[in-house]
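To start, the structure under review is shown below, and the notes come after it.
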Amino acid sequence: MIDPIVRPTKLAELVEYQSGSVVSRVLAKNEGGVLTVFAFAEGEGLSEHSTPHDATVLVLEGSVRISIAAEEHTVGAGEILRLPPDIPHALHGDGAFKLLLTILKKSRPSS
C-alpha cells in the first residue's frame with residue numbers, strides 16, 4: 001500500500017470519527033518529532049498534561065477549547081495554536097473535531 005501523504009491528501013479524511021472514542025493516525029515520526037491526525041468524537045478531549053516538546057495543534061474540522069495553564073482558547077477549523085513545552089494544557093470538545101498535532105523535539109547537542 002502506498003503512503004497516502006506522498007500525494008495531495010485531505011488530512012481530515014485520514015481518520016474517521018468513532019462514537020465515544022479518540023482515533024489517531026501517525027503520519028510521520030522520526031527523532032525530530034511526530035505528525036499525528038486525530039478524530040475526537042463528540043464530548044471527547046484530553047485531560048491536563050504537559051510535554052517537554054514544542055507542539056502545535058491545527059484544527060481540521062469542528063472546534064475545540066484548549067486551555068494552556070489558566071488561559072482558555074477556542075480554536076476552530078483552519079486555525080493553529082502553539083502548545084509551549086512544559087506548560088500544562090488540556091483539550092475539551094463539545095462537538096466532534098479533528099486536528100493535526102505536530103510535536104517538535106528539541107535537537108540534541110552534537111558531541
> How close do A41 and G20 get, heavy atom to heavy atom, and via which atoms?
Replying inline: CB-N, 3.6 Å

> In terms of hydrophobic clustering (I, L, V, M, F, W, Y; side-chain heavy atoms under 4.5 Å; direct or indirect links), are L91 and I87 co-clustered?
Replying inline: yes

> Shortest non-hydrogen contact from E44 to S21?
Replying inline: CG-O, 3.7 Å

>> Between E13 and L11, is there a side-chain heavy-atom distance shorter than 4.5 Å?
In response: no

>> Hydrophobic clusters here meaning ILVMFWY residues chained together by side-chain heavy-atom distances under 4.5 Å, can you tell me if L14 and L100 are in one?
In response: yes

> Among V75, I66, L81, which residue meets the side chain to side chain contact (heavy atoms under 4.5 Å, CB included) test with V59?
Replying inline: V75

> In terms of hydrophobic clustering (I, L, V, M, F, W, Y; side-chain heavy atoms under 4.5 Å; direct or indirect links), are L27 and V15 co-clustered?
Replying inline: yes

>> Is it the case that atom CD in E48 sees more than 12 heavy atoms from other parts of the structure closer than 6.0 Å?
In response: yes

>> When you group the ILVMFWY residues by side-chain heavy-atom contacts below 4.5 Å and let the links chain together, are V64 and I68 in the same group?
In response: yes

> Are D94 and R65 ion-paired here, with the side-chain N under 4.0 Å from a carboxylate O?
Replying inline: yes

> Which residues, ordered by chain and number, are linked to V34 in its hydrophobic cluster, where ILVMFWY side chains connect at heavy-atom gaps below 4.5 Å, directly or through other members?
Replying inline: V26

>> Testing L101, T36, V37 one by one against S24 for a side chain to side chain contact (heavy atoms under 4.5 Å, CB included), which residue passes?
In response: T36

>> Tell me whether K98 forms a cation-pi arrangement with Y17, defined as NZ or CZ under 6.0 Å from the six-membered ring centre and within 45 degrees of its axis.
In response: yes

>> Is there a side-chain contact between L58 and T102 in this structure, where contact means two heavy atoms from C-beta onward sitting under 4.5 Å apart?
In response: no

>> I'd like to know whether CD of E72 has more than 12 heavy-atom contacts from other residues, nucleotides or ligands below 6.0 angstrom.
In response: yes

> Is L35 linked to L99 within one hydrophobic cluster, defined over Ile, Leu, Val, Met, Phe, Trp and Tyr using a side-chain heavy-atom separation of less than 4.5 Å?
Replying inline: no

>> If I take atom OG1 from residue T51 and atom CG from residue D86, how far apart are they, to the nearest 0.5 angstrom?
In response: 7.5 Å

> Can any side-chain N or O of E79 pair as donor or acceptor with the backbone N or O of G76 at less than 3.5 Å?
Replying inline: yes

> What distance separates L83 CG from S50 OG, expressed to the nearest 0.5 Å?
Replying inline: 11.0 Å

> So which pairs with a foot in residues 52-103 pass ring-ring contact (aromatic ring centres under 6.0 Å, His included), sequence neighbours left out?
Replying inline: F40-F97, H49-H89

> Between P85 and D54, what is the shortest heavy-atom contact and its length?
Replying inline: CD-OD1, 3.2 Å

